[in-house]
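Everything numeric in this text was worked out from a predicted model, so none of it was measured.
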Amino acid sequence: EELGIKVALRVIGLDVAGLDTIDQVLALDAVQDEPHSLRSRLQLGALNLSSSAALEVIPMGTGVISAVSPLLIHVSVQASLQRLLLEIQALVAASYVRLGRLSVDGLLYAKGGRQAAEGTMAAALYSLNFTEMDSRIFDIEALSISQDGGSLGQALAAGANTFMDAFLGAAQFQNVLPNAFADLIMPKLRSKLKT
């Protein structure tokens with residue numbers, strides 16, 4: 001607002017393809033050397049993401065930037081990820097007695113809806129600690145961005161595509177930034193999920 005503008009981003013759609021390229025899947029498997037731990041692992045050969053969003057820049061009439069009317073840009077982003085790995089390990093402490101009282105029907109058709117089902121599950125657990133959480137991208141095959149926001153949007157899209165082409169051209173570097181981002185996000189996400 002100090003610049004005299006408000007920026008609104010609205011996601012219009014998200015398409016995911018490639019869920020049928022699963023190379024490896026492991027769901028709630030017991031970890032031999034770590035009692036009470038369960039590990040889940042998913043590896044996809046290829047995952048294609050396509051997203052559309054509307055970016056609106058609204059002038060407020062004050063500040064550094066001034067404009068007569070709002071600027072609306074529709075943006076489409078496509079990404080093709082190769083060998084995507086997701087892995088989660090959790091330490092679970094639960095009550096056998098309370099777990100024995102759980103039923104699929106009781107969870108699905110709880111009178112209180114989703115909150116009641118979640119409360120029922122929580123009552124059977126003493127603690128749930130995500131000890132490991134990892135996400136890795138081994139290769140990014142394609143990235144592209146398109147828009148319909150006039151000359152300014154074209155300039156921004158051209159600059160973004162030039163950066164993406166250079167990014168994809170660095171074979172030894174292209175997965176460093178996404179994985180570094182994952183290294184920053186995953187520990188914070190893991191701490192938030194502790195119960």
Under a 4.5 Å side-chain heavy-atom rule over Ile, Leu, Val, Met, Phe, Trp and Tyr, are [X] and [Y] clustered together?
{"X": "Val31", "Y": "Leu86", "value": "no"}
{"X": "Leu38", "Y": "Leu91", "value": "no"}
{"X": "Leu81", "Y": "Leu19", "value": "yes"}
{"X": "Leu184", "Y": "Phe130", "value": "no"}
{"X": "Val77", "Y": "Val11", "value": "no"}

Using a 3.5 Å distance criterion without hydrogens, assess whether the side chain of Thr21 forms a donor-acceptor pair with backbone atoms of Ala46. yes

Give, for atom [atom1] of [X] and atom [atom2] of [Y], the distance between the pair rounded to the nearest 0.5 Å.
{"X": "Gln89", "Y": "Glu132", "atom1": "CD", "atom2": "CD", "value": "4.0 Å"}
{"X": "Leu42", "Y": "Ile88", "atom1": "CG", "atom2": "CD1", "value": "9.5 Å"}
{"X": "Asp29", "Y": "Ser40", "atom1": "CG", "atom2": "OG", "value": "8.5 Å"}
{"X": "Leu44", "Y": "Leu85", "atom1": "CG", "atom2": "CG", "value": "9.0 Å"}
{"X": "Leu84", "Y": "Arg136", "atom1": "CG", "atom2": "CZ", "value": "11.0 Å"}
{"X": "Leu14", "Y": "Ser51", "atom1": "CG", "atom2": "OG", "value": "5.0 Å"}

Sorted by chain and number, sequence neighbours left out, side chain to side chain donor-acceptor pair (under 3.5 Å) with Gln82 holds for Ser80

Can you list everything that forms a side chain to side chain donor-acceptor pair (under 3.5 Å) with Glu87? Sequence neighbours excluded, please. Arg41

Minimal heavy-atom distance between Leu9 and Ala53, with the atoms involved, is CD1-CB, 3.8 Å

Would you list the pairs meeting salt bridge (Lys or Arg N to Asp or Glu O under 4.0 Å) in which at least one residue belongs to residues 158-170, sequence neighbours left out? none

